[in-house]
Number of protein chains: 4
Amino acid sequence: MSGAQERPLRADAARNRARLLDVATEVFTTRGVGVPTEEIARAAGVGVGTLFRHFPTKEALLEAVMVRRLETMAARTVQLAAESEPAEAFFDCFRLLIDQSVGKSDFVQALAAGGVDVHSALQEPSMAIQAQLGELLTGAQQAGAVRPDLGLPELLALLAGTSKAMEQLKADPAARERIFEVVFQGLRPC
Amino acid sequence: MSGAQERPLRADAARNRARLLDVATEVFTTRGVGVPTEEIARAAGVGVGTLFRHFPTKEALLEAVMVRRLETMAARTVQLAAESEPAEAFFDCFRLLIDQSVGKSDFVQALAAGGVDVHSALQEPSMAIQAQLGELLTGAQQAGAVRPDLGLPELLALLAGTSKAMEQLKADPAARERIFEVVFQGLRPC
Amino acid sequence: MSGAQERPLRADAARNRARLLDVATEVFTTRGVGVPTEEIARAAGVGVGTLFRHFPTKEALLEAVMVRRLETMAARTVQLAAESEPAEAFFDCFRLLIDQSVGKSDFVQALAAGGVDVHSALQEPSMAIQAQLGELLTGAQQAGAVRPDLGLPELLALLAGTSKAMEQLKADPAARERIFEVVFQGLRPC
Amino acid sequence: MSGAQERPLRADAARNRARLLDVATEVFTTRGVGVPTEEIARAAGVGVGTLFRHFPTKEALLEAVMVRRLETMAARTVQLAAESEPAEAFFDCFRLLIDQSVGKSDFVQALAAGGVDVHSALQEPSMAIQAQLGELLTGAQQAGAVRPDLGLPELLALLAGTSKAMEQLKADPAARERIFEVVFQGLRPC
DNA sequence: CATGAATGAGCCTTCATTCAT
DNA sequence: AATGAATGAAGGCTCATTCAT
């Protein structure tokens, strides 16, 4: 269902690939996309050659990082959606996506794959979450827990915005909670 | 108040500086910070040498761009604050700052100069707006128009977040208005 | 007639450009196209940056080198053609082109720009020589000094081939002369 | 005669070696020496490791390719020389060598192993053909079919040159034939 | 023996910054 | 003061070669 594995991939190769992905996620997130490939490779304990064997381009690496994040998000979203009442599920999911992406608001933004120039590789996982979110939104609206005039685009924008807001309050959990209160109260029908 | 002008600056030099600043604002905003200095210089109709005479560093140029934006924002904020009732002034000002920064959420974020690594040059204008916003916030809270548990940091974070959200809805003014409704309703006391 | 000079080009810049062209010609010719750009720059007494300012690509440099050779050839060809009788002019010109390109048979081959993938920049100068050679050939044929069944393509091929042959006899002028005798005798009508 | 086989070589190993050689010949000839080793290996259906087991260096592979060509040429030359009259044998052999090397003028040039920097491995087969050609040349000269003032070096140079000339006329057999006529007529005593 | 993942030196190219004109 | 040519440190990427599986 998730595309044929090109090949089983040798044990060590798989480990390297995973480490590269982990390191790249960490590095891109904390220090931006400007970090040299060589540094990422070194941090992963491999040579540049290995990095480029697994990801033919720096951009391909970035893409893979985002795809993985998106897929993780999608998985948890699905899980949550199945476990609770529509309204509760909606708000829990909102929280989840935000918590998932503290310090990574770009990832949440990448989620809005409706845009034109978004890399095709991101389209699929992004669409998957969007579909989920769409259902959750509708459910919550039918349950009367969310303003009925909001659409999916507004929801995505609010997710990106809330994530951005949270970034500035990393150090203050109480303040973050207040942001949630503001947004959630704003989402409710007048 | 904004630092002594080193020297009166010849007429043409001043014109060049202004053009450089305008062009840089436009270019950085629309195409990102990655644009080569030479291109900015050319677009401003001067040589690179001239650019570096006015701004010793590319980063200094970027800083100058942001300072100017911040100063503009501060001026309008002051004006607005003086013209209206506390509560109205607060919401108008929120709107203003967001509208000012569509497609430029980084500028709004720069506004949160309380952060550690923010360039010192941004501190002063940022502090100025923050002071204004602080007063507006307090005023609106005393008027009972805004939740009393919110502090300046939360407000700044919400501004940055809302700006980010708006970026994704550039093309849809009605949706943007709905975002305002959500945020404003969320800001009101329960 | 040869395209508008983009700009007069500062004295030192022109000198650098010329030196780069000279060095590149020498280096590409004696050691092949694989020589690193940095080495060429160093040999010309400039930094890599300067090389790439003048020639945006390594390939562009190579192209420029060949264009210049071709233009030199064309100029001398025109001169020769004007000075002598058709038959004599034809053979003198053949000799000239070969002597011009000892150790550089690739240049002579580049002359055959009829090929498809030849860089467009080479087309013009190549065509110019081809036109000249065509006239010389026809003249010599009408004078009865060259087999009438030969066309321009064959002439170009023979030039490339003779040049290649000469490369192997660099050290032996007498042997080279014998090659000329063979080729020239072969060119004459049965 | 051509060096002791290190070991009998297992059947599959021998097959791999042969395939590698075939593929490399094809690839080097049609696309140049710049083609990555890995690609050659893949085209031969083996891993890079295998390639490097058989040929310790890319250059060694290239050498082996040329040695094989040279040996083939030598064999056919011997055969031809034995079958015909001296003069006819000489011209037939010239033709043969050229036809053998259309699009591969480098191979014919490698034949001139008298040069200094030629790899030692090429020396032996090259010398073999040279000896053959020397005899054919002398024979043809004694038969009065070839100018007596030509030596082996000139013959080798003419072979290389003619091959180069033919490369440019790949598409036009009639023109190629005319080149032969020119060269052969040039070779005949005045 | 075969495989192909790993390595890392080296290449081309860009761009912020300096400095001669 | 302005200009734009020159500089050279990096950066992304390739590929011959090695070595663990």
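Just so it is clear: chains get the letters A, B, ... in the order the sequence lines come, proteins before strands, and each one is counted from 1.
- Comparing G49(C) and K58(D) by the nucleotide of DNA chain F that holds the closest heavy atom to each, the one mapping nearer the 5' end is G49(C).
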Residue pair H54(C), N16(C): steps toward the side chain to side chain contact (heavy atoms under 4.5 Å, CB included) verdict: CA-CA 9 Å; H54(C) 286 291; N16(C) 279 337; 4.1 Å; yes
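- Looking at DNA chain E, the stems built from 3 or more consecutive Watson-Crick or G-U wobble pairs, each pair with its key distances under 3.5 Å, are E:2-21 with F:2-21.
- Across residues 34-45 of chain D, not one residue has a non-hydrogen atom less than 4.0 Å from an atom of DNA chain E.
- How far CZ of R19(B) is from CG of D12(B): 13.5 Å, rounded to the nearest 0.5 Å.
- For R53(B), whose side chain is taken as the heavy atoms from C-beta onward, the closest listed nucleotide among dC12(E), dA1(F), dA6(E) is dA1(F).
- The structure places CG of L21(B) at 11.0 Å from CZ of R69(B), a figure rounded to the nearest 0.5 Å.
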Output a table of donor-acceptor pairs, distance under 3.5 Å, between side-chain atoms of residues 56-68 of chain A and any protein atom two or more places apart or on a different chain; print 'none' if there are none.
unit_1 : atom_1 : unit_2  : atom_2 : d
K58(A) : NZ     : V33(A)  : O      : 2.9
K58(A) : NZ     : V35(A)  : O      : 2.9
E63(A) : OE2    : H119(A) : ND1    : 2.6
R68(A) : NH1    : D22(A)  : OD1    : 3.0
R68(A) : NH2    : D22(A)  : OD1    : 2.9
R68(A) : NH2    : T25(A)  : OG1    : 3.4

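- Here F55(A) contributes atom CZ and I40(A) contributes atom CD1; the two are 10.0 Å apart, rounded to the nearest 0.5 Å.
- Under the salt bridge (Lys or Arg N to Asp or Glu O under 4.0 Å) criterion, the residue pairs touching residues 35-44 of chain B are R31(B)-E39(B), E38(B)-R53(C), with sequence neighbours excluded.
- What separates CZ of F55(A) from P of dG12(F) is a distance of 15 Å, to the nearest Å.
- As rounded to whole Å, 16 Å separates atom P of dC11(E) from atom CG of L61(C).
- Closest approach of P125(B) and E71(B) over heavy atoms only: CB-CG, 4.0 Å.
- Residues A41(D) and L20(D) come closest through the heavy atom pair CA-CD1, 4.4 Å.
- Distance CG (L20(A)) to P (dC13(F)): 14 Å, rounded to an integer number of Å.
- Using a 4.0 Å heavy-atom cutoff across all strands shown, V48(C) reaches at least one base atom of the nucleic acid.
- For the pair L51(B) CG and dA16(E) P, the interatomic distance rounds to 10 Å; values are reported in whole Å.
- Nucleotide dA5(F) holds its P atom 19 Å from the CZ atom of R19(C), rounded to whole Å.
- In terms of heavy atoms, A43(D) sits closest to V23(D) at CB-CG1, 3.6 Å.
- For F52(D), whose side chain is taken as the heavy atoms from C-beta onward, the closest listed nucleotide among dA16(F), dA6(E), dT13(E) is dA16(F).
- Side-chain nitrogen and oxygen atoms of H54(A) include at least one within less than 4.0 Å of the OP1 or OP2 phosphate oxygen of dA6(E).
- Residue order along DNA chain E, read from the 5' end via each residue's closest nucleotide, puts E59(B) first among D12(C) and E59(B).
- Residue-level contact check: N16(B) touches the backbone only, with heavy atoms under 4.0 Å from sugar-phosphate atoms and none from bases.
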